[in-house]
Amino acid sequence: MKNNRNSLMAIGSNLTAELDNISDMSKLIMANNEVTHYLKSSSSLGLRYSQNTVTAIFDIMSAYDNIYSIFVFKSDGTYVHTGRGITLVDKEIMDGPEWRKEIYEKAGGYVIRLNGGGAFTMKRGPFSMEPGEPILSFIRQINDLNTQETLGMLVINIPVSILEGTYKDADKTERKFCYYDINNNILSQGEVPDKLKNMNVSDSPFDQKVIKNLFSEEILSYYHIPDISMVIAGYERIGYEQIISKETAWMLIFILVITGFALVLISAFISVYITTPIQRLVQSMGSVKSGMFKRVSLSLPDDEIGHLKDSYNDMLLEINHLINELIDKEKSIQKAELEVLQEQIKPHFLYNTLDTIGYLALENSAENVYDALETLGDFYRKFLSRGDREISIEKEIEIVKDYLKLQKLRYEDVFEDAYEVQEDLLEVKIPKLILQPLVENSLYHGVRLKGEKGIIKISVYLKDDIIHIVVYDNGVGMSKKQIEDIMTSDNNKSFGFKGTIERIRYYYNCEDVYEIRSIEKEYTEVDIKIPFARGEKKDVQGNDY
């Protein structure tokens, strides 16, 4: 039953992750300038803005899978849309107060409905009037970021098959799942057992019911997924069928008796010839200090296992030798892995930058395209650094400046960057490419998610023989729990950060190399602490540190 509950919670987490992706896409659409201009435009300018809006939402939609269609509605009822296939809209249903009530109550949060509560229908084909595959409609109100005035409504339609995808690995012959909405309507389209169809779902967050049969038990359970108006329900059958013949039963009894007698003899032999002598040997070895293998001095009678002493001492010598070899091998492997990690950069950055440059080639002058290509080339020249593993702080910051310049081609109104660097530290050598992953996290997981223009600031200064390299952003911030989990989690948000910290720890043989300070919805500040040896660098007056 505990495993059954864990399965439901895991499936709920899978669905939450899928919907978080859709939510992130909706935030990108609502923050897009073309969409905002369209929603605020008058009817006379609507055509021009609507074309730009369709292009903008199509570009965003192309980066996500499983999206059928996207609709952006103005307050006056007019709308633009794009997507795959044909989606029909029933405006009369959408204009009803009951249809809009829950959306208004969410005040910008999203609502999920099957076929948009009847307002949206997928057509089977361009020449067919029959409805196609059912869809899930992700609906949320669009508000002005400054005045919070309602500008319109966003609807993202996704295939209902996305629900089955969250539990397809757990769905088996004796184990079935389905989803309910808040009105106890079944959302899943696959095979659903009758006991799940007739299940009574209450307001309790979780419940299990066991039905006992003659040779089996059945578990019916449901779980309200937090922050989502949906319920995952499960059915599992556990069989107890056992058919044992009389002959087989007597054979098992005979085997058990023989086994018991043999165990008694073996226990007596072990006690007399093995356990007692070893206990005496262990008493002597107890004086060995923890963490060190030392030879044992012990006198044992020849008629017991006195020869173990010499064998044990020889074994210790061999173990020490093997341990040293394993340590050296592990260090070599770790060093090789860190060097490979240092020479990598996420390929999706290059792909996105080339896509942006392609867009510039279509929409702007040749000078802009040339400037973008020159910046990209300069970024990779500095990044490669003739194969050096260490570069100066000055070059590291230049790499970041080129990186952010390229990102501004995509997010020109999302952020500004600033730098405060102690000049006499510019020539200090540090491991290459430790700043770019931190700045990337600030942009993608901090500033960009806040929905308003932010700042990314890099500061470098020396204090108490420690060089502090601080990356600050005024994005969405992190909770204490998120900060505590950042070095133990396996999600995408922490992978680059963990790799960077491990590289710094390896280079400087020091554990305390970073500190994170953050307040939710206000800022995040990552402080990288680099040990600094005086005398290895001259200051701006030419004096040794």
Side-chain angles (χ1 to χ4, degrees), residues 19-64 67-83 87-113 115-120 135-158 227 229 410-415 447-454 474-476 521:
L19 296 181
D20 283 346
N21 287 334
I22 304 299
S23 180
D24 289 343
M25 183 182 71
S26 70
K27 292 175 182 177
L28 290 178
I29 294 174
M30 292 189 296
N32 185 273
N33 288 334
E34 299 296 344
V35 175
T36 304
H37 290 328
Y38 169 72
L39 293 173
K40 293 181 178 180
S41 66
S42 62
S43 57
S44 60
L45 298 175
L47 180 60
R48 179 165 64 88
Y49 282 123
S50 63
Q51 294 174 344
N52 295 338
T53 301
V54 169
T55 301
I57 60 178
F58 181 82
D59 290 341
I60 295 173
M61 184 186 75
S62 299
Y64 292 82
I67 305 299
Y68 273 168
S69 59
I70 299 176
F71 289 76
V72 175
F73 292 87
K74 296 176 69 173
S75 297
D76 62 5
T78 59
Y79 65 90
V80 295
H81 73 283
T82 185
T87 305
L88 302 180
V89 182
D90 192 329
K91 291 293 296 300
E92 290 185 4
I93 294 178
M94 292 183 63
D95 292 337
E98 291 299 321
W99 192 91
R100 293 176 176 266
K101 179 181 178 182
E102 183 184 3
I103 300 171
Y104 289 150
E105 290 175 350
K106 288 288 186 177
Y110 63 81
V111 175
I112 298 176
R113 292 176 178 168
N115 292 322
F120 296 92
I135 56 178
L136 285 178
S137 298
F138 183 102
I139 310 169
R140 71 189 313 167
Q141 189 174 289
I142 304 177
N143 297 326
D144 189 286
L145 293 178
N146 297 319
T147 65
Q148 291 304 306
E149 178 185 0
T150 300
L151 299 178
M153 187 182 303
L154 173 66
V155 180
I156 301 174
N157 293 313
I158 58 179
D227 302 323
S229 300
R410 300 182 64 206
Y411 310 109
E412 56 181 307
D413 295 325
V414 172
F415 71 97
V447 172
R448 189 170 67 95
L449 299 182
K450 196 169 185 179
E452 60 186 34
K453 189 168 186 179
N474 61 348
V476 296
K521 300 181 180 179

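Only heavy atoms go into these numbers, but all of them, side chains included; no hydrogens, no water, no symmetry mates. Nothing here was measured: the structure is a model prediction, and the numbers come from that model.
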Is the number of heavy atoms from other residues, nucleotides or ligands within 6.0 Å of CD (E149) greater than 12?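 Count not over threshold, so no.
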Given W99 and R113, is the side chain to side chain contact (heavy atoms under 4.5 Å, CB included) satisfied, shown in steps? CA-CA 10 Å; W99 192 91; R113 292 176 178 168; 3.4 Å; yes
Could you tell me which non-hydrogen atom of [X] sits nearest to which non-hydrogen atom of [Y], and how far apart they are?
{"X": "G77", "Y": "K91", "result": "O-NZ, 2.9 Å"}
{"X": "N157", "Y": "S137", "result": "OD1-OG, 2.7 Å"}
{"X": "K40", "Y": "L151", "result": "CE-CD1, 4.0 Å"}
{"X": "G152", "Y": "S75", "result": "N-OG, 4.0 Å"}
{"X": "V80", "Y": "T53", "result": "CG2-CG2, 3.9 Å"}
{"X": "I156", "Y": "S26", "result": "CD1-CB, 3.9 Å"}

Could you please spell out the steps behind the side chain to side chain contact (heavy atoms under 4.5 Å, CB included) verdict for F415 and K450? CA-CA 11 Å; F415 71 97; K450 196 169 185 179; over 6 Å; no
What is the distance from atom [atom1] of [X] to atom [atom2] of [Y], rounded to the nearest 0.5 Å?
{"X": "D59", "Y": "L28", "atom1": "CG", "atom2": "CG", "result": "12.0 Å"}
{"X": "L136", "Y": "Y68", "atom1": "CG", "atom2": "OH", "result": "10.5 Å"}
{"X": "T36", "Y": "D144", "atom1": "OG1", "atom2": "CG", "result": "7.5 Å"}
{"X": "I57", "Y": "E34", "atom1": "CD1", "atom2": "CD", "result": "11.5 Å"}
{"X": "L39", "Y": "N32", "atom1": "CG", "atom2": "CG", "result": "10.0 Å"}
{"X": "I60", "Y": "M25", "atom1": "CD1", "atom2": "CE", "result": "8.0 Å"}

Check whether any side-chain N or O of [X] sits under 3.5 Å from a backbone N or O of [Y] as a donor-acceptor pair, and report yes or no.
{"X": "S23", "Y": "D20", "value": "no"}
{"X": "K74", "Y": "S41", "value": "yes"}
{"X": "S69", "Y": "T82", "value": "no"}

Start with the C-alpha gap between I158 and F138, add the side-chain angles, then the distance that decides, and say whether side chain to side chain contact (heavy atoms under 4.5 Å, CB included) holds. CA-CA 8 Å; I158 58 179; F138 183 102; 5.6 Å; no
Side chain to side chain, [X] and [Y], heavy atoms closer than 4.5 Å:
{"X": "Y64", "Y": "I22", "result": "no"}
{"X": "Y79", "Y": "V155", "result": "no"}
{"X": "N146", "Y": "E452", "result": "no"}
{"X": "L154", "Y": "I70", "result": "yes"}
{"X": "I139", "Y": "M153", "result": "yes"}

Partner set under side-chain hydrogen bond (donor to acceptor under 3.5 Å, both in side chains) for Q141, not counting sequence neighbours: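 Scan of Q141 (side-chain hydrogen bond (donor to acceptor under 3.5 Å, both in side chains), adjacent residues dropped) gives N143, T150.
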Solution key, residues 101-112 side-chain donor-acceptor pairs under 3.5 Å, sequence neighbours excluded:
from : atom 1 : to   : atom 2 : distance (Å)
Y104 : OH     : R100 : NH1    : 3.3

Steps toward side chain to side chain contact (heavy atoms under 4.5 Å, CB included) verdict (N52, H37): CA-CA 9 Å; N52 295 338; H37 290 328; over 6 Å; no
Only counting residues at least two apart or in another chain, list the ones meeting salt bridge (charged side-chain N to carboxylate O under 4.0 Å, His left out) with D413.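 Once residues adjacent in sequence are excluded, D413 has no partner under the salt bridge (charged side-chain N to carboxylate O under 4.0 Å, His left out) criterion.
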